[in-house]
Amino acid sequence: MLYLEKNHDPRKNAAILAQFTEHQLDLTKELQETEHLFNRLRKNDNALRPKEIRRLTGSLGQKMTAAIFRLLSTTANADDLVKINIDPEGNVLPDWKRMLDEEYLNLHKNVVKEVNVEDFGAIGDGKTDNTNAFKNAIGNGNVKVIIPAGVYITKGIQLPSWTMLVGAGKGLTTIKLHDSSRKGTRLITNTNHWQGNHHLFVSGLSLDWNIERLGNVAKTSTWGNHSSCLTYANVTYGWVMDVEAINPGLHCFDISSTLYNYAGDGFRARGGSKYVWLDNLTGYGFGDDGITTHHSNCIFITRCHMCDPSGRAHQKGFSNSNGIEVDDGSRNVVLVNNSSARCFGGVEIKAHENSSAASNVQIIGHISVNDNRSFNFRHIGHHKSTESESKTAHNIMATNLLSIAPIYTELYTGSTPRGMVISAYKNVVINHFTLIGDPGYNYNGHPVVAVQYRARNVLLNHMTFKDFKKAGSDIKVFGGKNRAESIQIYDVKSVNSAPKAIEVGSGVNNVTIENKKSVHN
């Protein structure tokens with residue numbers, strides 16, 4: 001059984017995926033197939049997004065809060081999915097990546113000087129306060145700041161536009177928060193969250209949030225996008241590459257709007273980040289999520305590994321701590337060959353009740369090992385027949401996924417293990433998904449994959465299940481008042497797995513099942 005350590009190199013993920021799937025996929029062909037299935041699926045959707053703006057509901061306090069956030073919001077438009085291309089080297093790229101590459105060249109043209117932070121008095125001895133040295137080295141931007149090997153203590157670093165911050169590598173150059181830093185401190189962030197910044201590059205670092213300074217506090221974070229190792233808020237054209245994040249109070253890496261926005265379903269925050277690439281990032285010990293996006297657009301996340309959250313940003317036993325979370329109002333997020341281990345959710349695509357759902361998300365290759373819910377797609381508060389239907393939870397495409405041995409977890413006690421859960425979302429295509437269980441593990445008769453809570457227009461294709469012997473079913477489409485509808489399931493192979501390969505609940509309308517095969521030795 002595969003086990004991914006904290007120091008796992010996520011650049012190996014593509015090779016691991018090829019090892020665990022039954023055959024080497026022709027990725028170009030499979031992505032074309034996924035896109036074809038998605039386009040076919042959308043033709044069946046006649047009423048995807050209600051256009052009316054919902055009236056303010058809830059208590060007086062909730063109405064006032066939503067009204068304030070609407071002043072900082074824009075309506076959530078229905079964009080088409082980003083087009084995915086594969087270059088001659090086999091790299092998966094969103095169509096806007098070419099523009100980001102041009103802006104990378106533009107960044108280098110506008111960086112007019114290169115400096116070494118030690119020339120400004122910084123000492124990487126793990127003791128000296130280097131806050132002013134970094135501030136003076138960075139100045140007003142247009143600079144590349146080199147940070148040699150060592151441990152550099154600081155009370156926080158703020159990056160103006162046109163800034164590059166470059167260390168000697170993970171584990172060699174460490175930036176660590178000072179013992180006196182407040183709980184809400186962001187270790188690295190941009191200078192102006194309200195007006196925004198652009199062209200920021202961070203690489204070759206370990207970022208230690210120094211959680212030990214807080215002692216045994218009940219909660220390790222404050223509010224919003226604070227308390228993280230790296231926060232880009234309202235950043236256009238950003239890169240974070242080859243960076244390790246250690247024990248942040250909230251998030252390892254937060255790609256965010258100026259403020260998290262709770263104006264209601266159908267609204268997105270102004271001031272979101274856009275055109276940001278995260279590559280070869282690793283993180284652990286996070287209080288909430290490893291990588292998260294909020295109200296941001298065109299985010300590219302590749303070859304990252306997030307594992308072993310502390311969950312301490314939440315009440316004990318109720319920690320929705322995910323490896324990668326595509327959250328409220330995010331759009332056009334592309335994830336390629338990432339991995340997660342021992343989180344609540346490996347990849348969660350979601351929203352809170354009082355915000356728009358993340359939409360237009362594509363996952364190409366992901367390894368989930370011992371996460372409680374390997375892949376979890378939901379719009380909280382829009383699941384039941386008594387709740388309003390989500391206007392924004394739509395458009396997810398995933399190709400070449402791997403779930404290995406989902407388990408129960410103390411992060412969220414009582415949450416049943418799942419390889420995938422789809423709730424409230426419409427227009428979801430999952431193509432080539434391999435799920436491998438532990439034959440001796442007690443799944444207590446629960447399903448491995450659950451399509452439930454008013455999910456609509458869901459297509460599952462090329463699903464392979466192995467060794468979930470104590471599960472109730474490999475796939476369950478839940479019925480009843482909160483039933484899923486318009487479900488298509490093709491080419492399911494169940495090998496020494498659950499007693500039922502596919503189970504459909506009562507009252508589910510418009511279900512297609514073809515090419516189901518169960519093998520029990």
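Keep in mind that this is a model prediction, so the values were computed, not measured.
The residue from H305, K12, R303 that alone fulfils the side chain to side chain donor-acceptor pair (under 3.5 Å) condition with S339 is H305. Considering V361, I396, N360, V334 as possible partners of L81, the one that fulfils the side chain to side chain contact (heavy atoms under 4.5 Å, CB included) test is N360. A side chain to side chain contact (heavy atoms under 4.5 Å, CB included) with F465 holds for exactly one of T434, I436, V449, V495; it is V449.
Between the side chains of S368 and R373, not a single donor N or O lies within less than 3.5 Å of an accepting N or O. A side-chain N or O of D371 and one of S340 form a donor-acceptor pair less than 3.5 Å apart. Donor-acceptor pairing under 3.5 Å is lacking for the side chains of H295 and S330. Side-chain contact check for D467 and N496: no donor-acceptor pair (N or O, by modelled atom type) lies under 3.5 Å. Side-chain polar atoms of Q452 and S423 form a donor-acceptor pair below 3.5 angstrom. In this structure, a donor-acceptor pair under 3.5 Å is present between the side chains of D491 and N515. Using modelled atom types and a 3.5 Å distance limit, the side chains of S415 and N372 yield a donor-acceptor pair. No side-chain donor-acceptor contact under 3.5 Å links H366 and N338. With hydrogens and angles left out, the side-chain atoms of T512 and Q488 include no donor and acceptor closer than 3.5 Å. Side chains of E5 and Y3: no donor on one and acceptor on the other come within 3.5 Å. In this model, no donor atom of one side chain and acceptor atom of the other lie less than 3.5 Å apart for R456 and N427.
N322 contributes atom CG, which lies 7.0 Å from atom SG of C343 (distance to the nearest 0.5 angstrom). The distance from atom OG1 of T399 to atom CG of L31, rounded to the nearest 0.5 Å, is 5.0 Å. Atoms OG and CD1, on S257 and I255 in that order, are 11.5 Å from each other to the nearest 0.5 Å. Here the CZ-NZ distance, from R418 to K476, works out to 8.5 Å after rounding to the nearest 0.5 Å. If you take OG on S403 and CG on L435, they are separated by 5.0 Å, rounding to the nearest 0.5 Å. Of the inter-residue distances, the one linking I430 atom CD1 with T34 atom OG1 reads 9.0 Å to the nearest 0.5 angstrom.
Here the shortest heavy-atom pairing between N280 and K170 reads O-NZ, 2.9 Å. Contact record, A501 with S494: CB-CB, 4.1 Å, taken as the closest heavy-atom pair. Residues P406 and G419 approach most closely at CG-N, 4.1 Å, considering heavy atoms. Between Y408 and N442, the shortest heavy-atom distance links the atoms CE1-O, 3.7 Å. Taking both residues in full, the closest heavy atoms of V235 and V276 are given as O-CG2, 4.1 Å, listed atom of the first, atom of the second, then distance. Shortest non-hydrogen contact noted between A484 and I487 is CB-CD1, 4.1 Å.
With hydrogens and angles disregarded, a donor-acceptor distance shorter than 3.5 Å links the side chain of N13 to the backbone of P10. Checking side-chain atoms of D327 against main-chain N and O of T293 turns up no donor-acceptor pair under 3.5 Å. Looking only at distances, no side-chain donor or acceptor of T464 sits under 3.5 Å from a matching main-chain atom of K493. Looking only at distances, no side-chain donor or acceptor of Q19 sits under 3.5 Å from a matching main-chain atom of A15. Side chain of D87 to main chain of G90: a donor-acceptor pair is present (N/O by atom type, distance under 3.5 Å, no hydrogens or angles). Remark: the backbone N or O of K391 is paired with a side-chain donor or acceptor of D265 at under 3.5 angstrom. R342 places no side-chain N or O within donor-acceptor distance of the main-chain N or O of P309, the cut-off being under 3.5 Å. Under the 3.5 Å distance criterion, the side-chain polar atoms of S273 are matched with a main-chain donor or acceptor of S256. T231 places no side-chain N or O within donor-acceptor distance of the main-chain N or O of A233, the cut-off being under 3.5 Å. For T409 (side chain) and L411 (main-chain N/O), a donor-acceptor pair under 3.5 Å exists by modelled atom type.
The shortest distance between side-chain heavy atoms of L214 and W209 falls below 4.5 Å. Side-chain contact between N85 and K83 is present, with at least one heavy-atom pair separated by less than 4.5 Å. The closest side-chain heavy-atom distance from H314 to D288 is below 4.5 Å. The shortest side-chain heavy-atom distance between E325 and H294 falls under the 4.5 Å cut-off. For the pair V347 and N376, the minimum side-chain heavy-atom distance is 4.5 Å or more. Residues I84 and D95 fail the side-chain proximity criterion, which asks for heavy atoms closer than 4.5 Å. Looking at heavy atoms from C-beta onward, L460 lies out of side-chain contact with Y490 at the 4.5 angstrom threshold. For the pair H432 and E33, the minimum side-chain heavy-atom distance is below 4.5 Å.
The environment of Y453 atom OH is sparse: at most 12 non-hydrogen atoms of other residues, nucleotides or ligands sit within 6.0 angstrom. For F300, the CZ atom counts as densely surrounded, since its 6.0 Å shell holds more than 12 non-hydrogen atoms of other residues, nucleotides or ligands. Heavy atoms of other residues, nucleotides or ligands lying less than 6.0 angstrom from CZ of R98 number 12 at most.
The aromatic rings of H379 and H382 are tilted relative to each other, their planes meeting at an angle between 30° and 60°. In this structure, Y425 and F377 have perpendicular ring planes: the angle between them is above 60°, well past the 30° mark. In this structure, W239 and F201 have tilted ring planes: the angle between them lies in the 30° to 60° band.
Using a 4.0 Å cut-off between a side-chain N of Lys or Arg and a carboxylate O of Asp or Glu, E485 and R454 do not qualify as a salt bridge. With salt bridges taken as basic N to acidic carboxylate O contacts below 4.0 Å, none links E410 and K316.
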TODO: Go through the steps to decide whether E348 and F375 satisfy the test side-chain contact (heavy atoms from CB on, under 4.5 Å), and finish with yes or no.
DONE: CA-CA 6 Å; E348 182 167 75; F375 303 91; over 6 Å; no
- [ ] Apply side-chain contact (heavy atoms from CB on, under 4.5 Å) to the pair I299 and W277, showing each step before the final yes or no.
- [x] CA-CA 6 Å; I299 310 300; W277 183 15; over 6 Å; no
Open item on the list: Working note: F253 + M306, criterion side-chain contact (heavy atoms from CB on, under 4.5 Å); need CA distance, chi angles, decisive distance, verdict.
Closed with: CA-CA 10 Å; F253 306 94; M306 300 289 139; 3.8 Å; yes
TODO: Under the salt bridge (charged side-chain N to carboxylate O under 4.0 Å, His left out) rule, what do E389 and K426 come out as? Steps first, then yes or no, please.
DONE: CA-CA 11 Å; E389 186 175 356; K426 303 175 183 178; 2.4 Å; yes
- [ ] Tell me, with the steps shown, if M420 and L401 meet side-chain contact (heavy atoms from CB on, under 4.5 Å).
- [x] CA-CA 10 Å; M420 176 174 284; L401 306 183; 3.7 Å; yes
TODO: Test F286 against Y284 for ring pair (Phe, Tyr, Trp, His ring centres under 6.0 Å), laying out the working first.
DONE: CA-CA 5 Å; F286 35 96; Y284 58 87; 8.6 Å; no
